[in-house]
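Worksheet for the structure shown next.
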Amino acid sequence: MDNRLGEMEAFVQVARRGSFAAAAKALRRTPSAVSRAVARLEARLGVGLIRRTTRAMTLTPEGELYLARASELIAEFEAIEDGLGRDAAQPSGLLRVNASVPFGQRMILPVLPLFLSQQPRMRVDLALTDDVVDLVEARADVAIRIGPLRDMSLRAKRLGRSRLAVVAAPAYLARSGMPAHPDALPGHNCLTFSFRRSLDTWPFRIDGAVVQRPVHGNFFGNSGEVVRRMALGGAGLARLARFHVDADIAAGRLVPVLEDFSPGDAEDIHALYAGHERLSSRIRCFVDFLAAHAVVRA
């Protein structure tokens with residue numbers, strides 16, 4: 001690791017993984033060797049790249065800039081190596097993917113073994129969360145987003161569109177009754193979300209106009225899967241994406257509610273990735289695979 005590329009890679013791994021120990025494990029080096037490599041890099045550049053305290057490690061502004069440039073150079077280096085040898089057409093390396101819990105569980109995990117069998121030189125680091133994370137901060141190569149696109153600097157490939165539906169378990173409806181109109185919602189326990197972008201109203205079409213009706217309940221979940229499981233347990237009404245609950249509806253575990261008042265709204269689902277002109281073969285093959293095998297039509 002006494003070369004510039006090795007020092008660059010050591011720094012990138014420390015920045016991405018948040019500690020020298022984690023970087024050393026990924027690089028199969030000792031933490032002291034990684035620390036010395038980063039120190040040599042900082043000495044050669046004449047600037048500090050990492051702020052070290054007893055409690056945390058953060059990047060300096062120079063470190064953030066170097067990380068962005070170094071990541072591109074390392075990716076380019078890997079692409080050059082990918083282009084050599086008899087298996088040049090086959091992508092390789094680590095791909096970091098970030099997706100919502102429901103989409104990851106319903107659409108990615110069932111087909112991911114097939115993808116890895118087709119791409120034996122690739123590795124996938126999959127993180128599932130319903131929090132909206134920054135693609136760069138999360139060190140993700142590909143992120144799956146449901147809903148309107150907010151960062152127009154990213155490239156996007158549409159994977160489908162999913163309608164939303166109000167559902168409840170038969171046990172809850174037997175106990176609390178089937179609401180006949182959205183105006184009956186104040187008498188029902190509505191399961192909602194705890195993240196900041198969540199609304200405390202649900203839309204319905206009443207007399208030809210889409211109106212918002214307030215909802216209240218005794219439970220807030222931080223993911224669609226958490227809310228779905230509470231609905232399955234008979235805790236109340238939930239409004240979830242159809243791709244997330246279609247299997248439950250088909251099996252009778254959940255029942256659609258207030259269908260006559262559905263506003264017909266739906267959310268687009270996209271795969272997002274950095275908008276460089278030259279797209280890594282790792283990213284391209286995964287996004288193309290999702291477009292072929294994880295398309296949502298619910």
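Here the structure is a predicted model, which is why all the values come from computation and not from measurement.
With rounding to the nearest 0.5 Å, the separation of CG in Leu159 from CE in Met107 is 8.5 Å. Within the model, atoms CD of Gln212 and CD1 of Ile206 stand 10.0 Å from one another, a figure rounded to the nearest 0.5 Å. The structure places CG of Asn98 at 8.0 Å from CG of Leu128, a figure rounded to the nearest 0.5 Å. Interatomic distance, Met57 CE to Arg51 CZ, rounded to the nearest 0.5 Å: 11.5 Å. Interatomic distance, Met122 CE to Ser281 OG, rounded to the nearest 0.5 Å: 7.5 Å. Rounding to the nearest 0.5 Å gives a distance of 8.5 Å between SG of Cys190 and NE2 of His216.
For the side-chain contact (heavy atoms from CB on, under 4.5 Å) test, residues two or more places apart in sequence or in another chain that qualify with Ser71 are Val12, Arg16, Leu67. With sequence neighbours excluded, no residue forms a side chain to side chain donor-acceptor pair (under 3.5 Å) with Ser262. With sequence neighbours excluded, the residues satisfying side chain to side chain donor-acceptor pair (under 3.5 Å) with Asp265 are Arg239. Residues passing the salt bridge (charged side-chain N to carboxylate O under 4.0 Å, His left out) test with Arg158, sequence neighbours excluded: Asp268. Applying the salt bridge (charged side-chain N to carboxylate O under 4.0 Å, His left out) criterion to Arg28, with sequence neighbours excluded, gives no partner residue. Residues satisfying the side-chain contact (heavy atoms from CB on, under 4.5 Å) criterion with Leu116, sequence neighbours excluded, are Leu112, Val124. Contacts of Thr58 classified as side chain to side chain donor-acceptor pair (under 3.5 Å), with partners at least two apart in sequence or in another chain: none. Not counting sequence neighbours, Arg36 has no partner by the salt bridge (charged side-chain N to carboxylate O under 4.0 Å, His left out) test. Judged as a salt bridge (charged side-chain N to carboxylate O under 4.0 Å, His left out), and not counting sequence neighbours, Arg123 has no contacts. A search for side chain to side chain donor-acceptor pair (under 3.5 Å) contacts involving Arg205 returns nothing, not counting sequence neighbours.
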Practice prompt. Could you check Tyr273 against Arg284 for side-chain contact (heavy atoms from CB on, under 4.5 Å), going step by step and ending with a plain yes or no?
Written response: CA-CA 9 Å; Tyr273 45 96; Arg284 182 185 298 109; over 6 Å; no
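Screening Leu49, Val47, Thr60 for a side chain to side chain contact (heavy atoms under 4.5 Å, CB included) involving Glu42 leaves a single residue, Leu49. When the options Val34, Leu59, Leu27 are evaluated for a side chain to side chain contact (heavy atoms under 4.5 Å, CB included) with Val14, the one that passes is Val34.
Taking both residues in full, the closest heavy atoms of Phe11 and Gly63 are given as CZ-O, 3.5 Å, listed atom of the first, atom of the second, then distance. Closest of all the heavy-atom pairs between Ile146 and Ser100 is CD1-OG, 3.6 Å.
Arg52 has its side chain within reach of Val38: a pair of non-hydrogen atoms, C-beta onward, lies under 4.5 Å apart. At least one side-chain heavy atom of Arg44 sits under 4.5 Å from a side-chain heavy atom of Arg4. Here the side chains of Leu5 and Glu9 are not in contact, with every heavy-atom distance at 4.5 Å or above.
Evaluation of the ring pair (Phe, Tyr, Trp, His ring centres under 6.0 Å) test over residues 104-125, restricted to residues two or more places apart or in two chains, returns Phe115-Phe286, Phe115-Phe289.
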Side-chain donor/acceptor pairs under 3.5 Å, residues 166-187, sequence neighbours excluded:
{"residue": "Tyr172", "atom": "OH", "partner": "His188", "partner atom": "ND1", "Å": "2.9"}
{"residue": "Tyr172", "atom": "OH", "partner": "Asn189", "partner atom": "N", "Å": "3.1"}
{"residue": "Arg175", "atom": "NH2", "partner": "Gly234", "partner atom": "O", "Å": "2.6"}
{"residue": "His181", "atom": "ND1", "partner": "Asp183", "partner atom": "N", "Å": "2.9"}
{"residue": "His181", "atom": "ND1", "partner": "Asp183", "partner atom": "OD2", "Å": "3.4"}
{"residue": "Asp183", "atom": "OD1", "partner": "Arg213", "partner atom": "NE", "Å": "2.9"}
{"residue": "Asp183", "atom": "OD1", "partner": "Arg213", "partner atom": "NH2", "Å": "3.4"}

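In the hydrophobic clustering of this structure, Leu164 does not group with Val215; members are Ile, Leu, Val, Met, Phe, Trp, Tyr whose side-chain heavy atoms approach within less than 4.5 Å, directly or through other members. Residues Val211 and Trp202 share a single hydrophobic cluster, defined by chaining ILVMFWY side chains whose heavy atoms lie under 4.5 Å apart.
At a threshold of 4.0 Å, the pair Arg228-Glu225 counts as salt-bridged, since one of the basic side-chain nitrogens sits closer than that to a carboxylate oxygen.
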